[in-house]
Amino acid sequence: MITTITLNAALDTTYYLPSFTLGQTNRLKDLHVEPGGKGINVAKVLDSLGEKVVAGGFVGGSNGKKIAHLLAHRNIPHEFVTIQGESRVCLTILNEELKEETEILEQGPMILDEEWLKICEFVKKAAMESKIITLSGSLPKGVPVNGYSQLIEIIQQNGAKAILDTSGEPLRHGLCSGPFAVKPNEQELKQLIKKEILTLTDAIDAGKNILKQGVQYVCISLGREGALLINKDEVFHVKAPEIEVVNTIGCGDAMLAGLASGFEKELPIEEILSLATAYGTANALQPFAGKVDVKDIDYLLKDIEVYKLNHI
Ligand SMILES: Nc1ncnc2c1ncn2[C@@H]1O[C@H](COP(=O)(O)OP(=O)(O)OP(=O)(O)O)[C@@H](O)[C@H]1O
Ligand SMILES: O=P(O)(O)OC[C@@]1(O)O[C@H](CO)[C@@H](O)[C@@H]1O
């Protein structure tokens, strides 16, 4: 089983606009509300592809109730720690004319000390029952900056594998506990190493440095350019299939779902990277985050080739 943890869940609201001009009145063509936050997107993708998954994390207030209600309505298993604060709303503005996505993300609620202790207990129990636990997204206020690092230790001491997808200081601290796998995108990697990533070699070198912290697999996602998957012995590169993009929000979450699924099934590394790429790209064909169509996965997989690079 896979458990996904979303500490900063969100009611993801997408505004579809024929065009969008800052500083003027803009009228919507359509709007869509989704239960979201990165880990919830991972759970939605896994569930839609028939995987056994539980979505965990914090939810609170009327937004939190709505997130849980929307998941229950789709029969997606979830078990949240209810908090006193209000779960956030994250807004995506899709400008259809320019095919441009603008994200406006609330910071999220304040987490109390006793709520943090409850999630640590939940994660301990989940680690005893799951093979993989994914940890995704930003940290809400009140969570210690080394919060992911604490959870990774709990997970790995209790028999599961932790896969981390976050950014900034939470990523830097999380790496100190040597998660099983980590998936930075190019921007997150750049922030981490405080250097530009100009070539594939730069990205591979940065990934290899991350391995030194006890991480077993580093997947570096490169958007439309594809991804790298690196372990201590091998480096694999994949190009993303060329598609007519609808919406790229959540591609990284869908990719994480593919990684979690592949590692859970202990597939060969090339297959894990193909699957993760197909899931990520399939998300880009859908109008909102955390949605993939199984038919798209099947045809995308036929188009994906993984190359082993000679870079040790
Ligand atoms: N424009 C695109 N065309 C084809 N595939 C894409 C495109 N953008 C993303 N993907 C697929 O999704 C994967 C993950 O994308 P990306 O690197 O953008 O993740 P991310 O930045 O973590 O995304 P997010 O934070 O929005 O969830 C890529 O490796 C690729 O397989
Ligand atoms: O603030 P975070 O947790 O980094 O990102 C939150 C978020 O933008 O990420 C998802 C897309 O990846 C959305 O569902 C969600 O709203």
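As the structure lists them, so they are numbered: ligands from 1, and atoms in each ligand from 1.
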Only pairs at least two apart or in different chains count here, so list each ring-ring contact (aromatic ring centres under 6.0 Å, His included) that has a residue in residues 126-157.
none
Residues pairing under ring-ring contact (aromatic ring centres under 6.0 Å, His included) where one sits in residues 32-52, two or more places apart or in two chains, turn out to be His32-Phe288
Is Asn209 reaching over with its side chain to a backbone N or O of Ala206, donor-acceptor style, under 3.5 angstrom?
no
Whether Glu101 side chain and Thr248 backbone form a donor-acceptor pair below 3.5 Å:
yes
Any side-chain to backbone donor/acceptor pair from Gln156 onto Phe180? Under 3.5 Å, distance only.
yes
Whether Lys44 and Glu34 form a salt bridge (side-chain N of Lys/Arg under 4.0 Å from carboxylate O of Asp/Glu) is what I want to check.
yes
Need the ligand 1 atom indices (1-based, order shown) with element for anything under 4.0 Å from a heavy-atom of Leu222.
17 (O)
Have a look at ligand 1 and work out which part of Asn185, if any, has a heavy atom under 4.0 Å from it: side chain, backbone, both or neither.
side chain
Would you sort out whether Glu129 and Thr3 count as a side-chain contact (heavy atoms from CB on, under 4.5 Å), showing the intermediate values?
CA-CA 9 Å; Glu129 294 162 359; Thr3 299; over 6 Å; no
Between Thr92 and Asp12, does the side-chain contact (heavy atoms from CB on, under 4.5 Å) criterion hold? Intermediate values first, please.
CA-CA 8 Å; Thr92 300; Asp12 275 341; over 6 Å; no
Honestly, for Met255 the part within reach of ligand 1 (heavy atoms, under 4.0 Å) is side chain
Is Pro241 touching ligand 1 with its side chain, its backbone, both, or neither, if touching means heavy atoms under 4.0 Å apart?
backbone
Go through ligand 1 atom by atom and flag the ones less than 4.0 Å from a non-hydrogen atom of Thr277.
31 (O)
Numbering the atoms of ligand 1 from 1, which are under 4.0 Å from a heavy atom of Thr248?
26 (O)
Are Leu46 and Val123 linked, directly or through intermediate hydrophobic residues, by side-chain heavy-atom contacts shorter than 4.5 Å (ILVMFWY only)?
no
Expected list for residues 158-170: side-chain donor-acceptor pairs under 3.5 angstrom, two or more places apart:
from: Asn158; atom 1: ND2; to: Ile154; atom 2: O; distance (Å): 2.8
from: Thr166; atom 1: OG1; to: Gly137; atom 2: O; distance (Å): 2.8
from: Glu169; atom 1: OE2; to: Arg172; atom 2: NE; distance (Å): 3.1

Who's the nearest protein heavy-atom neighbour of atom 26 (O) of ligand 1, and how far?
Gly250 N, 3.3 Å
May I ask you to identify the nearest protein heavy atom to atom 15 (O) of ligand 1, giving residue, atom name and distance to one decimal place in Å?
Cys251 CB, 3.6 Å
Residue part near ligand 1, for Ala240, under 4.0 Å between non-hydrogen atoms:
side chain
What atoms in ligand 1 come closer than 4.0 Å to a heavy atom of Lys183?
22 (O)
Anything with a heavy atom under 4.0 Å from ligand 2 counts, so go ahead and list those protein residues by chain and number.
Asp12, Gly37, Lys38, Asn41, Arg88, Cys90, Glu103, Leu105, Gly137, Ser138, Ile249, Gly250, Asp253
Ligand-residue contact atoms, ligand 1 with Ile243, heavy atoms, under 4.0 Å:
3 (N), 4 (C)
Less than 4.5 Å apart, side chain to side chain, heavy atoms only: is that true for Ser87 and Leu11?
no
At under 4.0 Å between heavy atoms, what of Glu242 touches ligand 1? The answer is neither
For atom 23 (O) of ligand 1, what's the nearest protein heavy-atom neighbour? Residue, atom name and distance, please.
Gly252 N, 3.1 Å
Just to confirm my output: which protein heavy-atom neighbour is closest to atom 5 (N) of ligand 1, and how far is it?
Thr281 OG1, 3.1 Å
Under 3.5 Å: donor-acceptor pair, side chain of Lys131, backbone of Glu264
yes
Any chance you could lay out the side-chain contact (heavy atoms from CB on, under 4.5 Å) test for Leu189 and Ile210, step after step, and finish with the verdict?
CA-CA 10 Å; Leu189 195 61; Ile210 292 177; 3.8 Å; yes
Are any of the heavy atoms in Lys38 under 4.0 Å away from ligand 1?
yes
Centre-to-centre under 6.0 Å for Phe263 and Tyr217, is that the case here?
yes
Quick one: nearest non-hydrogen protein atom to atom 30 (C) of ligand 1, plus distance?
Gly223 O, 3.3 Å
Please state which part of Val245 comes within less than 4.0 Å of ligand 1, counting heavy atoms only: side chain, backbone, both or neither.
side chain
